[in-house]
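Here's the structure we're looking at; comments come further down.
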Amino acid sequence: MQELVTGLAASEFFARVRERLTLDVPPGLTDASVTPKRGDHDADPVMRKVAEVRPIRPAAVLVPIIDNPEPTVLLTQRAQHLPDHPGQVSFPGGKIDKGDTNPCASALRETMEEIGLDRPHIEPMGYLDLYMTTLGYRIVPVIARVKPGFHLNLNPAEVDSTFEVPLAFLMDQANVQRHLREWQGMTRHYYAITFGERYIWGVTAGILRNLYDRIYR
């Protein structure tokens, strides 16, 4: 039986994160012999075989949970001129550089570069499961508590806007749908959440589903 997610207060949510997640780097980030359990293949099992033969691209994203009485999730709308995934809703983040000490450091660096969220407002708390995309990215999602009262400085080269969505809305599985579209001659299935005029889908929706599985079940 699913829990009533709208009843999970901020204090209980963050307590569960501390109890259930760690900052130990998940196996399979760079090891081709390990296939991550979570990824685009959650919604479309065929994509697992496609992803397994792609070159590995290690990446990390920050999943910023704002510590309001009713927590909200901070999301970005990618710039329309970007060559990859223009205009899509995403978490701040990107590839893991050689100079980054760990995936958390990568996510924090990318977050500062993209939206200017200052480090003192961010408390990294733990990693979700490694997420494998069809294109070979292996993404480490970093759950972070964000103190309210922050100011953002968006990088227009990467981000058009940011917005917040109530965590309870995103975790309510009645709001999660399974959609499909044509991609390179194949029909692909993926998770999607519609919030007003915002369409949250693909990797972002998949990571949110993993958050539900790890914290709310």
Exercise. Treat each ILVMFWY residue as a node, draw an edge where side-chain heavy atoms are under 4.5 Å apart, and state whether Val165 and Val159 are in one component.
Key: no

Self-check item: Nearest heavy atoms of Met112 and Asp118, plus distance in Å
Solution: CE-OD1, 3.7 Å

Practice problem: Any chance you could pull the hydrophobic cluster mates of Val34, using side-chain heavy atoms under 4.5 angstrom and chaining through other members? | Solution: none

Practice problem: Report whether Leu23 and Ile96 are members of the same hydrophobic cluster (ILVMFWY, side-chain heavy atoms less than 4.5 Å apart, transitive linking). | Solution: yes

Quiz prompt | Arg119 side chain vs Leu108 backbone, donor-acceptor pair below 3.5 Å | solution = no

Quiz item: What pair of heavy atoms forms the shortest contact from Leu167 to Leu211, and how long is it?
Solution: CD1-CD2, 4.1 Å

Practice problem: Check Lys95 against Glu110 and note the closest heavy-atom contact, atom names and distance. | Solution: O-OE2, 4.0 Å

Quiz item: Do Leu117 and Val142 share a hydrophobic cluster, counting only Ile, Leu, Val, Met, Phe, Trp and Tyr and linking them when any side-chain heavy atoms are less than 4.5 Å apart?
Solution: yes

Quiz prompt | Test item: Asp31 side-chain N/O and Ser33 main-chain N/O as donor-acceptor pair under 3.5 Å | solution = yes

Quiz item: Cluster question for you: counting only ILVMFWY and a side-chain heavy-atom cut-off of under 4.5 Å, with indirect links fine, are Phe195 and Val63 together?
Solution: yes

Quiz item: Of all residues at least two apart in sequence or in a different chain, which pass the side chain to side chain donor-acceptor pair (under 3.5 Å) check with Asn153?
Solution: none

Exercise. Find the distance between CG (Asn210) and OH (Tyr191) and round it off to the nearest 0.5 Å.
Key: 11.0 Å

Self-check item: Backbone N/O of Met171 and side chain of Gln173: donor-acceptor pair under 3.5 Å
Solution: yes

Quiz item: Are the side chain of Asn102 and the backbone N or O of Val25 linked by a donor-acceptor pair below 3.5 Å?
Solution: no

Practice problem: Sequence neighbours left out, what pairs pass salt bridge (Lys or Arg N to Asp or Glu O under 4.0 Å) with at least one residue falling in residues 194-206? | Solution: none

Quiz item: Looking at Ser106 and Ala60, what are the two nearest heavy atoms and their distance?
Solution: CB-CB, 4.1 Å

Self-check item: Spacing of CG belonging to Leu152 relative to CD1 belonging to Ile115, to within rounding of 0.5 Å
Solution: 5.0 Å

Quiz prompt | Partners passing side chain to side chain donor-acceptor pair (under 3.5 Å) against Thr204 (at least two apart in sequence or in another chain) | solution = none

Exercise. Sequence neighbours left out, what passes side chain to side chain contact (heavy atoms under 4.5 Å, CB included) with Thr35? Give chain and number order.
Key: Arg48, Glu52, Met132

Quiz item: So how far is it from Leu21 CG to Met125 CE, rounded to the nearest 0.5 Å?
Solution: 8.5 Å

Self-check item: Sole residue of Leu208, Ile207, Val203, Asp129 in side chain to side chain contact (heavy atoms under 4.5 Å, CB included) with Pro141
Solution: Ile207

Self-check item: Counterpart residues, salt bridge (charged side-chain N to carboxylate O under 4.0 Å, His left out), relative to Glu123 (two or more places apart)
Solution: Arg18, Arg145

Exercise. Tell me, please, which residues at least two apart from Tyr127 pass side chain to side chain donor-acceptor pair (under 3.5 Å).
Key: none

Quiz item: Taking all non-hydrogen atoms of both residues, which atom of Ala79 and which atom of Ala157 are closest, and how far apart?
Solution: CB-O, 4.1 Å

Self-check item: ring pair (Phe, Tyr, Trp, His ring centres under 6.0 Å) partners for Phe150, two or more places apart
Solution: none

Quiz item: By side chain to side chain contact (heavy atoms under 4.5 Å, CB included), which residues pair with Pro148, not counting sequence neighbours?
Solution: Ile66, Asp67, Asn68

Practice problem: State which residues pass side chain to side chain donor-acceptor pair (under 3.5 Å) with Thr101; sequence neighbours excluded, sorted by chain then number. | Solution: none

Quiz item: With distance as the sole test, does Arg138 use its side chain to make a donor-acceptor pair with the main-chain N or O of Gly28 at under 3.5 Å?
Solution: yes

Quiz item: At what distance, to the nearest 0.5 angstrom, does CG of Leu128 lie from CD1 of Ile215?
Solution: 7.0 Å

Quiz item: Do Tyr137 and Arg57 get their side chains close enough for a donor-acceptor pair, meaning under 3.5 Å?
Solution: yes

Quiz prompt | Smallest separation among heavy atoms of Val89 and Tyr199, with atom names | solution = CG2-O, 3.6 Å

Self-check item: Which residues share a salt bridge (charged side-chain N to carboxylate O under 4.0 Å, His left out) with Asp97, sequence neighbours left out
Solution: Arg109

Self-check item: side chain to side chain donor-acceptor pair (under 3.5 Å) pairs, two or more places apart, involving residues 162-171
Solution: Thr72-Glu164

Exercise. Starting at CD of Glu19, measure out to CD of Glu12 and round the result to the nearest 0.5 Å.
Key: 10.0 Å

Quiz item: Quick one: CG on Asn175 to CZ on Phe169, what's the gap to the nearest 0.5 Å?
Solution: 4.0 Å

